Amino acid sequence: MDINRENALELFNEWIDSESLIKHCLAVEGAMRGCAEEFGGDPEVWGACGLLHDIDFQKYPDSEHLEHGPKILEEAGYPEEFIDAVKGHGDFTNTPRETKMAKCLYAVDQLASFIIAVGLVRPTKLEGMKYKSVKKKIKDKAFARAVDRDEMKKGADELGIEFKDLVMIVVNSLQKREKELNEMGQSLF
Ligand SMILES: [Fe+2]
């Protein structure tokens, strides 16, 4: 199948209409598009992977998350490598993250949402955001406490890059995506 944003969005809309989950998936999509440029992937495919990674999460939010997603994607015609990347973003599935796409998805899933949370408390949102602002919030244990700091850092380790560099790749990707989304009448916020 030809993987692109248009058909990914069609499937996405069949399964997800929760506003918070839409925002999360748009952020991960944006981060994955940026990672594709950085690591030599196809932005349409990697973006679709980000958009669809939580496809079953609204209907099956708890212990069944990622039990149904792979089947939904398989029936829609997505290839094994794509589905393995989606499975791999949940440590509990014990799916090895073998491709750069899988490693990136794991690395940006929580980080993208964390950066959006940092943006929410800044008057200029993502604009001019430096690593320093993110680092300060990571140290603040009360801030976005649901986000596992170790997991975000593990993602950078698996990619073999400095955490600081990963943060800035995601910040830059989200800045760019926010501009593009604004033109489509949407926002990450
Ligand atoms: Fe996610």
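Throughout, numbering of the chain's residues begins at 1 and tracks the sequence. Keep in mind that what you see is a predicted model, and the values were worked out from it rather than measured. Whatever order the structure lists ligands and atoms in, that order sets their numbers, starting from 1.
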Can you classify the ring geometry of Tyr60 versus His68 as parallel (below 30°), tilted (30 to 60°) or perpendicular (above 60°)? parallel

Restricting to distances shorter than 2.8 Å, give the number of protein N, O or S atoms close to the Fe ion (ligand 1). 4

Applying side-chain contact (heavy atoms from CB on, under 4.5 Å), can you list everything that pairs with Glu44, at least two apart in sequence or on another chain? Asn4, Arg5, Arg33, Asp42

Taking 4.0 angstrom as the limit, do Glu180 and Arg177 come out as a salt bridge? yes

Main-chain N/O of Glu151 paired to Asp148 side chain as donor or acceptor, under 3.5 Å: yes

Side chains of Gln58 and Asp17, donor plus acceptor under 3.5 Å: yes

Keeping Asp56 on the side-chain end and His65 on the backbone end, is there a donor-acceptor pair under 3.5 Å? no

